[in-house]
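Below: one structure, written as structure tokens.
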2 protein chains.
Amino acid sequence: MNSPMDASDPTTYTITELAKEFRVTTRTIRFYEDKGLLKPARNGLTRVYTARDRVHLKLVLRGKRIGLSLDEVREIMDMYDSAPGEIGQLDYMLDKLAERRAMLHRQQQDIELTLKELNKIEAQCRQRLATMLKQTPQSQVS
Amino acid sequence: MNSPMDASDPTTYTITELAKEFRVTTRTIRFYEDKGLLKPARNGLTRVYTARDRVHLKLVLRGKRIGLSLDEVREIMDMYDSAPGEIGQLDYMLDKLAERRAMLHRQQQDIELTLKELNKIEAQCRQRLATMLKQTPQSQVS
DNA sequence: ATAATACTTGACGTTTACGTAAACGTCAAC
DNA sequence: GTTGACGTTTACGTAAACGTCAAGTATTAT
């Protein structure tokens with residue numbers, strides 16, 4: 001037991017380790033903490049990040065990539081974490097989930113459309129390029 | 001001839017019409033013009049939008065939804081519009097396209113992952129909700 | 001002719017997501 | 001025992017993407 005994915009995984013990280021791994025600045029990580037997205041433990045003053053904190057950071061960055069604001073990310077992460085005592089909260093959460101799902105589906109469609117158009121443009125580009133190279137065999141590659 | 005999708009489609013739009021249709025403010029549309037994303041004709045002072053302008057606006061909004069900055073959107077639209085006289089420009093554009101494609105693929109993966117996790121969360125929610133309703137048959141629906 | 005309506009151009013304000021600089025603590029290595 | 005490397009807080013700065021007046025023009029309705 002005590003696999004690397006154990007909840008009690010004792011592995012910890014420093015702020016710079018995480019910064020390097022995820023290609024963000026330490027400033028960014030502290031900023032996320034200010035915003036309530038991360039709550040690392042402390043050893044004296046210095047922040048100590050657990051595997052769980054690492055996952056949280058990963059989720060924040062993924063959220064950003066799909067177009068969520070930090071506030072929205074926090075909202076979702078809070079919902080995830082909280083043991084919701086009330087039915088109202090659960091309903092609210094289901095609403096939020098549906099809403100988010102719709103947005104993501106829409107985004108998927110947008111991306112597909114965009115990729116198709118990019119393909120078209122690329123084809124046109126390559127065609128033009130070929131034509132140009134035929135017409136002026138002395139290519140202008142400096 | 002002269003189908004509704006004809007390039008010489010004479011249909012025009014006012015700024016408020018477009019604003020309503022796309023659920024943005026007129027301020028936003030003018031802002032996009034300031035940024036060089038739209039170049040409507042003018043009738044005296046008032047802006048007159050053609051079907052082509054409408055498509056441009058649509059592209060801008062889709063671009064935003066997939067996480068592009070307005071500058072990036074303009075860059076792409078410029079590339080699209082320009083009859084690129086130089087091979088260098090075409091190469092540059094192909095680079096940009098590849099880069100963008102990679103980003104979109106990554107986003108698709110992010111979205112899939114996120115949707116999967118949302119499904120998990122929702123299942124947990126529903127389960128809890130069911131459990132709670134069993135334990136306290138007098139549901140608190142006010 | 002006047003009032004209402006729609007459109008225009010500034011210009012400043014706001015929010016988000018950090019960057020950047022100052023000024024200081026801490027601990028290992030030389 | 002001081003020099004780096006790394007950490008900290010506090011605070012101001014900034015770019016993007018609009019929002020929000022203010023004040024003027026142009027057209028339409030009555």
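Just so it is clear, the model here is predicted, and its values are computed rather than measured. Here is the naming used below: chain letters follow the sequence lines, and residue numbers restart at 1 for every chain. Reckoned from all heavy atoms, side chains included, excluding hydrogens, waters and symmetry mates.
- Place A:Ile15 and B:Leu68 on DNA chain D by their nearest nucleotides, and A:Ile15 ends up nearer the 5' end.
- Listed nucleotides D:dA17, C:dC7, D:dT9 differ in distance to A:Arg42; the shortest reach to its side chain belongs to D:dT9.
- Within residues 21-37 of chain B, the residues that place at least one heavy atom under 4.0 Å from DNA chain D are, in residue-number order, B:Thr25, B:Arg27, B:Thr28, B:Phe31, B:Tyr32.
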Exercise answer: donor-acceptor pairs, residues 31-38 of chain B side-chain atoms, under 3.5 Å, sequence neighbours excluded:
residue, atom, partner, partner atom, Å
B:Glu33, OE1, B:Arg47, NE, 2.5
B:Glu33, OE2, B:Arg42, NH2, 3.3

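- For the pair A:Leu18 CG and D:dC6 C1', the interatomic distance rounds to 14 Å; values are reported in whole Å.
- Checked against C:dA17, C:dC7, D:dG7, the side chain of A:Thr16 finds its nearest nucleotide in D:dG7.
- Distance check, rounded to the nearest 0.5 Å: CD1 of B:Ile76 to CD of A:Glu117 gives 10.5 Å.
- A donor-acceptor contact under 3.5 angstrom links the side chains of A:Asp53 and A:Thr50, judged on distance only.
- For the atom pair CG of A:Asp110 and CG of A:Leu104, the computed distance is 11.5 Å after rounding to the nearest 0.5 Å.
- In this structure, B:Lys64 does not reach the D:dA16 phosphate: none of its side-chain N or O atoms is under 4.0 Å from OP1 or OP2.
- For A:Ser69, whose side chain is taken as the heavy atoms from C-beta onward, the closest listed nucleotide among C:dT9, C:dA17, D:dT8 is C:dA17.
- Of the two residues contacting DNA chain D, namely B:Leu45 and A:Arg47, the nearest-nucleotide position lying further toward the 5' end is that of A:Arg47.
- Straight-line distance from the OH atom of A:Tyr49 to the P atom of D:dG7: 9 Å, rounded to whole Å.
- For the pairing with B:Leu18, the side chain to side chain contact (heavy atoms under 4.5 Å, CB included) check across B:Leu57, B:Val24, B:Thr26 returns one residue only, B:Leu57.
- The phosphate of D:dA26 has neither OP1 nor OP2 within less than 4.0 Å of any side-chain N or O from B:Thr46.
- Looking at residues two or more places apart in sequence or on another chain, you find a side chain to side chain donor-acceptor pair (under 3.5 Å) between B:Thr28 and B:Thr25.
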